[in-house]
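Letters go in sequence order (proteins before strands), and every chain restarts at 1.
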Amino acid sequence: MPELPEVETVVRGLRLHLPGRRIVELRLSKKTDFIDDAVALGDRVPGSLIRAVRRHGKFLVLDLETDAADGTEARAELLVIHLGMTGQLTVVAADTEVKLHTHVFFTLDDRRELRFCDPRRFGRMLVATPADGEKILGPLGADPLEVSEADFRRLITSRRARIKALLLDQTVFRGMGNIYTDESLWRAKIHPARLGANLKPQEIKKLQRAMRAILEEAIRLGGSSISDYVGADGEPGEFQIRHRAYDREGKKCFRCGTKIRRMIVAGRSSYFCPKCQRAPRVS
DNA sequence: CGTTGAACCTGTTTGC
DNA sequence: TGCAAACAGGTTCAAC
């Protein structure tokens with residue numbers, strides 16, 4: 001569920017509560033298969049100070065400062081979290097009722113808790129040294145909000161894959177998911193099955209502008225809530241009412257009135273207007 | 001290289 | 001009504 005705008009919304013919400021707080025205790029449910037090393041998490045996270053909260057693609061990163069048990073030296077650690085399809089990260093009062101499928105409780109030093117709830121457990125969580133964290137975050141591609149025009153064009157044209165597959169590939173662009181890919185392609189009038197290498201310069205330019213505009217507006221509206229997603233304070237997003245293609249099969253295209261169609265591209269449901277987004281001749 | 005399908009897991013919606 | 005199939009915002013891996 002959570003793509004760049006949703007993760008960004010969660011990060012901004014967490015920033016209102018977490019920096020400067022200390023994690024005093026960690027509790028886990030019995031289902032911890034989404035944690036790389038649950039023992040390490042329990043050993044290294046309690047007692048640490050949260051310095052900052054940031055986003056890298058769809059990953060949330062909490063910068064922690066851990067006091068060495070015996071000495072005075074402070075160590076930097078990263079708490080790396082991915083929300084998968086149904087992950088929620090919220091800050092609540094410690095006596096708030098516990099939602100089903102809540103698997104991690106970080107007790108804070110202000111009588112509140114940071115909770116991770118994830119029914120499907122497609123999320124991921126680990127504690128890592130900055131060097132180990134780099135192994136996960138390093139391979140991620142360009143940030144679609146910051147990439148230059150030249151880099152954007154190079155990333156789109158230097159590979160022979162469908163544009164939909166390219167945009168979803170986290171090593172090409174970090175943060176794009178199924179919703180914002182379809183919305184961007186609809187806005188730029190590009191069929192999802194077109195090859196990136198075959199896009200015309202003008203189309204590439206248009207696509208980059210469409211992606212930026214859509215991601216920025218989605219962030220402004222707090223992301224898209226389809227069924228599970230909520231921000232750090234439990235509030236849903238509002239961008240779903242602005243969707244023009246995603247999950248609109250059979251409904252009229254907002255531009256031309258043609259019925260939106262759905263087809264599988266890159267293994268994912270892809271929604272597009274067959275008139276505005278002309279299909280490629282081959283493939 | 002790139003594509004496809006399956007797997008991971010739970011919940012909800014759709015179809016007969 | 002009831003049950004089974006299809007589908008879901010993501011990622012990863014094997015097979016072709």
Side-chain angles (χ1 to χ4, degrees), chain A residues 1-11 29-36 55-60 80-89 99-104 116-126 135-137 139-141 144 155-185 192-198 214-215 218-219 221-231 236-250 262-271 280 282-283:
Chain A
M1 142 184 87
E3 305 179 28
L4 188 155
E6 289 75 32
V7 179
E8 179 64 25
T9 301
V10 172
V11 162
S29 77
K30 285 163 185 78
K31 306 268 188 79
T32 58
D33 51 354
F34 61 92
I35 302 175
D36 282 33
R55 177 184 66 75
H56 201 77
K58 299 176 192 171
F59 283 92
L60 291 108
V80 179
I81 300 171
H82 195 293
L83 300 176
M85 289 275 257
T86 54
Q88 297 181 349
L89 207 48
K99 282 189 53 176
L100 188 63
H101 303 304
T102 302
H103 298 302
V104 187
F116 180 72
C117 176
D118 186 3
R120 293 176 74 177
R121 303 202 306 281
F122 283 178
R124 187 177 178 192
M125 186 178 297
L126 68 147
K135 291 174 188 165
I136 291 172
L137 305 178
L140 296 179
L155 288 166
I156 295 291
T157 56
S158 64
R159 291 182 41 189
R160 188 153 232 72
R162 293 171 175 165
I163 187 61
K164 171 101 179 187
L166 276 179
L167 295 183
L168 288 176
D169 186 337
Q170 299 300 297
T171 67
V172 177
F173 294 107
R174 56 182 199 256
M176 294 295 289
N178 208 31
I179 293 178
Y180 298 103
T181 293
D182 280 4
E183 291 300 309
S184 299
L185 291 172
R194 296 270 303 279
L195 296 187
N198 288 350
I214 282 167
L215 292 172
I219 290 170
L221 294 185
S224 300
S225 288
I226 305 297
S227 64
D228 298 279
Y229 164 74
V230 294
E238 296 178 342
F239 190 73
Q240 64 279 3
I241 64 176
R242 300 285 249 274
H243 292 175
R244 295 293 185 251
Y246 181 78
D247 202 24
R248 295 197 65 247
E249 183 179 21
R262 178 174 84 100
M263 71 182 288
I264 303 297
V265 181
R268 310 292 298 278
S269 274
S270 301
Y271 302 88
V282 292
S283 144

Checklist entry - Heavy atom of residues 168-177 of chain A under 4.0 Å from DNA chain B: which residues? => result none
[N] phosphate, OP1 or OP2: any side-chain N/O from [X] under 4.0 angstrom?
{"X": "A:K58", "N": "C:dT11", "result": "yes"}
{"X": "A:Y246", "N": "C:dG9", "result": "yes"}
{"X": "A:R268", "N": "C:dA8", "result": "no"}
{"X": "A:Y229", "N": "C:dG10", "result": "no"}

Go through the structure and list residues passing salt bridge (Lys or Arg N to Asp or Glu O under 4.0 Å) with [X], not counting sequence neighbours.
{"X": "A:R121", "value": "A:D33"}
{"X": "A:R124", "value": "A:D36"}
{"X": "A:K135", "value": "A:D132"}
{"X": "A:E8", "value": "A:R12, A:R55"}

Mind checking what makes side-chain contact (heavy atoms from CB on, under 4.5 Å) contact with [X], not counting sequence neighbours?
{"X": "A:F59", "answer": "A:V80, A:H82, A:I136, A:L137, A:L140"}
{"X": "A:R268", "answer": "A:K164, A:L168, A:N178"}
{"X": "A:T9", "answer": "A:Y229, A:E235"}
{"X": "A:E238", "answer": "A:L221"}

Checklist outcome for this item: Contacts of A:F34 meeting ring-ring contact (aromatic ring centres under 6.0 Å, His included) (sequence neighbours excluded), chain-then-number -> A:H103, A:F116
Next on the checklist: Using side-chain heavy atoms (C-beta onward) and a distance below 4.5 Å, is A:Y271 in contact with A:D247?
Outcome noted: yes
Checklist entry - Which residue lies toward the 5' end of DNA chain B, A:S158 or A:I264, if each is placed at its nearest nucleotide? => result A:S158
Checklist entry - Along nucleotides 9-16 of chain B, 5' to 3', which nucleotides get a B, which get an S, and which get a -, given that the test is a protein heavy-atom distance under 4.0 Å? => result BBS-----
Checklist entry - Tell me, what's DNA chain B's dot-bracket, Watson-Crick or G-U with both distances under 3.5 Å, | for other-strand, [ ] crossing? => result .|||||||.|||||||
